[in-house]
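Remember, it's a predicted structure, so these values are computed and weren't measured experimentally. Each chain gets a letter, A, B and so on, in the order its sequence line appears, and its residues count up from 1.
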Amino acid sequence: MSKTDLTRRGVMKTGAVAGAGLAVPTIFTARSASAFVNEPTGGSVTLGFNVPQTGPYADEGADELRAYELAVEHLNGGGDGGMLSTFSSKTLDGTGILGKKVEYVTGDTQTKSDAARASAKSMIEKDGAIMITGGSSSGVAVAVQALCQEAGIIFMAGLTHSNDTTGKDRKANGFRHFFNSYMSGAALAPVLANAYGTDRKAYHLTADYNWGYTTEEAITSATEAMGWETVETVKTPLAATDFSAYITPVLQSDADVLVLNHYGGNMVNSLTNAVQFGLRDRIVNGKQFEIVVPLYSRLMARGAGENVKGIFGSTNWHWSLQDEGSKAFTRSFGTKYGFPPSQAAHTCYVQTLLYADAVQRAGSFNPCAVVEALEGFEFDGLGNGPTLYRAEDHQCFKDVLVVRGKENPTSEFDLLEIVEITPVAQVTYPHDHPQFAGGALGSCNPGV
Amino acid sequence: MDALLLQVLNGLDKGSAYALIALGLTLIFGTLGVVNFAHGALFMLGAFCAVTMQRILTLSYEVVDETRTDFLGNPLKVDVPYVQSWFGDSVGGGIIDWAVPISLLMAVPVMIFVGFAMERGLIKHFYKRPHADQILVTFGLAIVLQEIIKYFYGANPIPTPAPDAFAGSFDFGAMLGMQAGSIIYPYWRLVYFFFALAIIGGVFAFLQFTTFGMVVRAGMADRETVGLLGIDIDRRFTIMFAIAAVVAGLAGVMYAPINSPNYHMGMDFLVLSFVVVVVGGMGSLPGAVAAGFVLGILESFASMAEVVAFLPGINQIIIYLVAIIILLTRPRGLMGRKGVMED
Amino acid sequence: MNDRPDFSKHANHAATAPAYFSVWDLHAYYGESYIVQGVSFTVHEGEILALLGRNGAGKTSTLRSIARLASPQVTHGEIWLDHQHLHTMASHEAAIAGCALVPEDRRIIPGLTVEENLKLAQIVEPVGWSLDRLYELFPRLGERRAQEGTTLSGGEQQMLAIARALARDIKVLLLDEPYEGLAPVIVREIEKTLMLIKEQGITTIIVEQNAVAALKISDRAVILEGGQVVFDGSAKEVLDNAALRAEYLAI
Amino acid sequence: MLGLNRKDSLLFVVVICLTMFAPFLLNPFPEGSELAQFNAGYPDLMQRFVIFGIFAIGFNILFGLTGYLSFGHAAFLGVGSYAGVWMMKLLTMNVIPAILISVVVAGLFSVLVGYISLRRSGIYFSILTLAFAQMSFSLAYSVLTPITNGETGLQLSLNDPRILGVSEVDGSIPPANLFGLSMRDSTELAMGNWLFTFNVGYYLSAVVMLIAFYVAIRIFRSPFGMMLRAVKSNQQRLNYTGLNTKPYTLAAFVISGMYAGLAGGLMVAMDPLAGAERMQWTASGEVVLMTILGGAGTLIGPILGAGFIKYFENIFSKINESILHQWFAFLPDGLEDALVFMVYPFIGKGWHLTLGIMFMLVVIFLPGGLVEGGQRLGRLFRRRRKTDTKPGAGATEPAE
């Protein structure tokens, strides 16, 4: 078993203290002694991977953690280098970041804002993490992003799909590579119109919290622009486990499409229930009844089993993509762990690389330098084609995938097939688009 | 009208699950006086009996298919279940298809064992301890059981489909002479409802018509007097506990196809089940069952778009609201008796 | 205090046979309250003993202590029944040893029929009278055997409670307020039953507010006051001694 | 001292020392050592220790004294948090008004909930409080999103009006402060290989906790406290005497609700965010567990319980596989892997399992909670000391 010789902030501090002279018994160090918070002074730099390890998203968190470990390995020159070789920016050479060995600490967000912030704070205050990344829900991402802004740490969001993360809750120190509700709508609507026609009547079931609201808004406005009619939108409690009471009224409406703005366990259960109630066998207004799941996750598709077959949805990335970056990442992840990576793993891996590259290009770990390096950064070779990190809202703009549940999966990881790669131009929106209004980045905060 | 009928139907299966869990909780409350926070975990264990049976039946060996490749470009390894290769595709496939009903056979001994071990190993020592201690220890146990399941099965829901024979849904609309397809109800949910009725009926019959059941009923009503008649009620608790565990476990097995089991499904049901038990009335079995169905149906009604439009958020809080109203107007719940769990 | 006559002499003990049932220096608490404060007395086989005293004197607590119920908590003392030490037993063991308590409020078990209430008593050996014989003795119970026990009238419930005790093979019967709230006709009927029980050789301890009625059928009497024995003598003595009755029984 | 008896004074002094020297006590291991992982002396966790300590102390005033088991106490903490954040959004970043409004709002809410719930006792009371808290949680999560910001949680933004302050400073939200002293400010002290952090926010929380603890001692020892204990041991008897116990229990309920609000306000002062999940039943259950685990009805127990649970949550969850490998690196490879394999399920993502096992062990072997564990240790120690010295030497008690 390979030993990652992890040392924490401790050794760095020890070095610093020793350098200052052990003869002096006590040294008071005010925070302002360094240029920015947690400035790495030793031979290593610590990143904080804050993912759900308990609770319903624990498996997703585990996959994110695998990707982070892989990224650290590649940054430190281990393994096959993964996407380092396909990444258009060539500053990363396997010698860590700015010559410092990359180390990491992990924490458990529990998919709760409070716990996630506690965990992030512990990484910042105790372990001296210079960057926090991870998460598997928008609520957590927004909460941790705000914390990092206050603490003067860079936050590279993991899986967060709500418009708000780079909309009304955007922050100067926070960056999102993952796509968002608006992009899902923009990518899905034309495909849906193409497959199901433009005179459809849609019934929405929406998880009763922020992500649900933004997704519902994005999908309704995108599909209505195609000529669809929104018959009804119904909010379902997050805690609901059985959606039959929400599914049956669909039978009595004249809707011929059901849109499930649900994620995770909610999506598994609502989709399962909808299929149980025979919605997919219905013919309404002479048309076959259809179900749409705006945001797909492979792990959740697995939970829904047979029921996902033929159902459209969108996803940030899929391992079956054939570009060089995706192939390199899938090979390297698959060789190490024995199964293909999820989209959550992909976005987390890419975020780590993007951060490392930005530091390298800026020549400094200073958050403000990193922000500057990432803003307006254009790159390619990380799996979604040419991508822009937009300066105005710190959102990545890249191709979005429309996928469909596969009819004949060859394994439990091969559940989705790519229907269309929606080009980036089609999902780009102005940064002051109404669905993203109300936020302000503020200025970068180095923490001192 | 048919919308209301539909919601009654919807309430039935949720109500069945509430009723079955509440029934077991009440048995334990009523006879043993123990607040069992691990009861939801028993429901969850039942569901994972179904998952395990599915895993056992689909134990596979790998066959390399040279014509196809896997995600890394190597020849694809296809899993072939032993059962399928032994009995042929149709019979073997059929056996796998029926994994959930078959797992009932496994769940009974497993749950008896779990219930027995729990009572003898742990709960027994807590009869005379304060309720607070009982809560702490059973909550700890619930976490441990849950985490063990998570360790082996992961945190994701695991699809556990019903046999194909029950895959469709029943058209009440056509049967009642209404428009076809307006009131449909999945077969498996009907099965679940009747299964729940059978279990509830079985438990009641057992309590009503056996000597042991008579002792249990007497013990729930008045432990002191039962002791005065020379009966050591404590000794019979193990069996009571095992019965409650089996009821919860079977409820879990049959629930698996309705919603894919995950490791925290027990906790999701636990709090609501406590509310159901209290609303029904402490120590009253008919109360627990009635409250389970009533709350299940009310929850369905409250989710109707018309109701939510009128009272926003009512679908989120209906059960708790009803619980508050009932407890304030009927101090001991619907059918509770004086003196049970009031210390 | 010297002018108060000392009634607590154990004068008549030596004259009779060795005690069948005895309580020795019993102390018991309800939580913090000290209820039974060193009670001692004996009963002979086949005798009826009236345990008398005012409200709160500790009569019911003494009976409950003897039946080994969880409360009051006995902290000290011994209870012997036919060479068996009840004080070390749990209540169900005491019941098996032959001790039967008919509690004050009868405690007919709700939800059970008359017959089930009786059957419940015959689950554990040793059993006493058969159901047939009990129905013969209490025909009204036989008529209502399928009815829920708690729906019976007060008198019938009292009979059911006594019948339930007899359904077990008992050595000592502890009756707590058997006449309470009952019509005189029924009281007479119960008195008859108690005499019948006495004929069977069963020892009885009866706690009763209606001291005169209790003394009428009793052989001996023990009077409690403040958790202690203040009189121990023959029933006749109490009936004859008006001063004594006035002092401790307010009659 | 301060109107406390000798034993309580001693306890209070001990608690004062523990909280004031916490940055030292909680960082016993030198930085960089393998055991540094177990250090808890960083600001966030120390703040959590004392804040949840306040929450548990308050809960114990209700549960430990009256025996009423509230299963919805987190609602008051949550409501207090929301009020605190709104104060910071609208009025000022000074933490004093935020904390005060949290206490007041939580107090008012607990009057309402308590007045209704206290009409029942026993498990019925527990379910009523649970129902209120779950309703608050569900509504805060969904329908009340305009007030609570739903799932994301209520937080500050750059365009908050803030009447007595500024909306932003150079594009950043101004930090929460006490008359200009930022809660985030820390001073670090390096001694050899040890590094100690003294944080303004922690010391503010610690002082507040000490006051809360002192008030709790006074309540425990007051006639009011005696009356509450009487309610616990025999409510019926009290009712027979014609005494209406409800004002007393309601007062206890409101006091403990205000303690919860105080904790919520402090949480906001340390970290200006209020999320709905603070009100979920699991959060209410957590304070119940803290109190029972530490020792219900004892003064110090709840604080110990709070520390115990928060320590597990924050320290055990962060140990991952590579750290384990590092610990056991000195062993031969096979043995190392075997050990890591055995320990791994209990740490990192398995920390819940360890917590569950600890709950069970404590309640099985220490029926009085951690306090009883301490007493047993103390007795063991004292007995040994007594046998060491001569009989009769037990009279030599430490002078104050």
Side-chain angles (χ1 to χ4, degrees), chain A residues 1 3-11 13-14 17 22 25-31 53-54 58 61-62 69 105-108 112-115 117-119 121-123 125-126 137-139 142-143 146-147 149-151 164 169 172 208-211 235 237-239 439-443 445, chain D residues 30-33 36-37 39 42-45 48 138 141-143 145 149-153 155-159 168 170-173 175 184-193 195 197 267 271-273 275 277-278 313-314 317-318 320 322-323 325-326 329 333 336-337 340 348-349 351-352:
Chain A
M1 180 141 279
K3 281 184 207 88
T4 41
D5 181 25
L6 262 195
T7 48
R8 285 175 306 280
R9 173 198 188 198
V11 169
K13 286 287 179 198
T14 319
V17 171
L22 276 169
T26 60
I27 303 160
F28 279 96
T29 51
R31 275 271 161 111
Q53 301 196 42
T54 57
E69 283 169 10
V105 288
T106 60
D108 181 12
K112 291 178 185 167
S113 306
D114 270 343
R117 276 170 84 112
S119 171
K121 274 185 159 180
S122 138
M123 292 172 175
E125 292 172 358
K126 181 184 181 198
S137 100
S138 293
V142 167
L147 172 82
Q149 176 71 35
E150 285 160 28
D164 294 348
D169 293 318
D208 202 349
Y209 65 94
N210 291 40
W211 172 77
K235 307 268 185 293
L238 181 78
L441 281 177
S443 52
N445 177 13
Chain D
E31 293 278 314
S33 71
Q37 189 72 37
N39 280 344
Y42 61 96
D44 182 61
L45 187 54
R48 264 165 222 281
S138 299
Y141 214 98
S142 57
V143 184
T145 296
N149 203 22
E151 177 223 15
T152 311
Q155 22 181 320
L156 306 179
S157 79
L158 286 170
N159 43 23
E168 57 173 289
D170 306 333
S172 293
I173 297 164
R184 284 208 299 272
D185 274 358
S186 293
T187 301
E188 292 183 341
L189 168 66
M191 293 175 81
N193 282 344
L195 185 74
T197 309
M267 278 172 92
D271 186 4
L273 169 128
E277 74 254 3
R278 264 179 210 176
E313 180 175 345
N314 287 281
S317 67
K318 286 187 66 198
N320 56 40
S322 53
I323 294 175
H325 275 291
Q326 201 185 325
D333 263 10
E336 176 191 334
D337 290 345
V340 170
K349 62 182 178 180
W351 68 272
H352 271 160

Mind ranking D:Leu156, D:Val143, D:Asn149, D:Val340 by heavy-atom pairs under 4.5 Å with chain A and telling me who comes out on top? D:Asn149
Spacing of OG1 belonging to A:Thr106 relative to NZ belonging to D:Lys318, to within rounding of 0.5 Å: 7.5 Å
Considering only heavy atoms, which portion of D:Asn159 lies under 4.5 Å from any heavy atom of chain A: side chain, backbone, both, or neither? side chain
N/O donor-acceptor pair under 3.5 Å between D:Glu277 side chain and A:Asp114 backbone: yes
So CH2 of A:Trp211 and OG1 of D:Thr152: to nearest 0.5 Å the spacing works out to 13.0 Å
Which bit of D:Thr145 is near chain A, if near means a heavy-atom gap under 4.5 Å: side chain, backbone, both or neither? side chain
Could you pull out the closest heavy-atom pair between A:Asn210 and D:Gly150, with the gap in Å? OD1-CA, 4.1 Å
Roughly how far, to the nearest 0.5 Å, is the OG atom of A:Ser113 from the CZ atom of D:Arg278? 8.5 Å
Is it the case that the side chain of A:Lys126 and the backbone of D:Asn39 share a donor-acceptor pair, with hydrogens and angles ignored and the cut-off at 3.5 Å? yes
Do A:Glu125 and D:Ser186 make a side-chain contact, defined as non-hydrogen atoms from C-beta onward lying under 4.5 Å apart? no
Measure the CG-CG distance between D:Leu273 and A:Leu147 for me, rounded to the nearest 0.5 Å. 9.0 Å
Take atom NZ of A:Lys235 as the centre, draw a 6.0 Å sphere, and report whether it contains more than 12 heavy atoms from other residues, nucleotides or ligands. yes
Which atom pair, heavy atoms only, marks the closest approach of D:Glu313 to A:Ala115? OE2-CB, 4.1 Å
Proximal component of A:Ala58, with respect to chain D [non-hydrogen, under 4.5 Å]: neither
Quick one: what part of D:Gln155 sits under 4.5 Å from any heavy atom of chain A, side chain, backbone, both or neither? side chain
As an exercise, state the distance from CG of D:Asp271 to CZ of A:Arg117, rounded to the nearest 0.5 Å. 3.5 Å
Which atom names give the shortest non-hydrogen contact between D:Ser172 and A:Asn445, and what distance separates them? OG-CB, 4.3 Å
Bottom line for A:Gln149: the part with an atom under 4.5 Å from chain D's heavy atoms is side chain
Rounded distance [0.5 Å steps], NE2 in D:His352 versus CG in A:Asp108: 7.0 Å
State, to 0.1 Å, how close A:Ala440 and D:Leu158 come at their nearest heavy-atom pair, and which atoms those are. O-CD1, 3.7 Å
Minimum side-chain heavy-atom gap A:Glu69-D:Ser322 below 4.5 Å: no
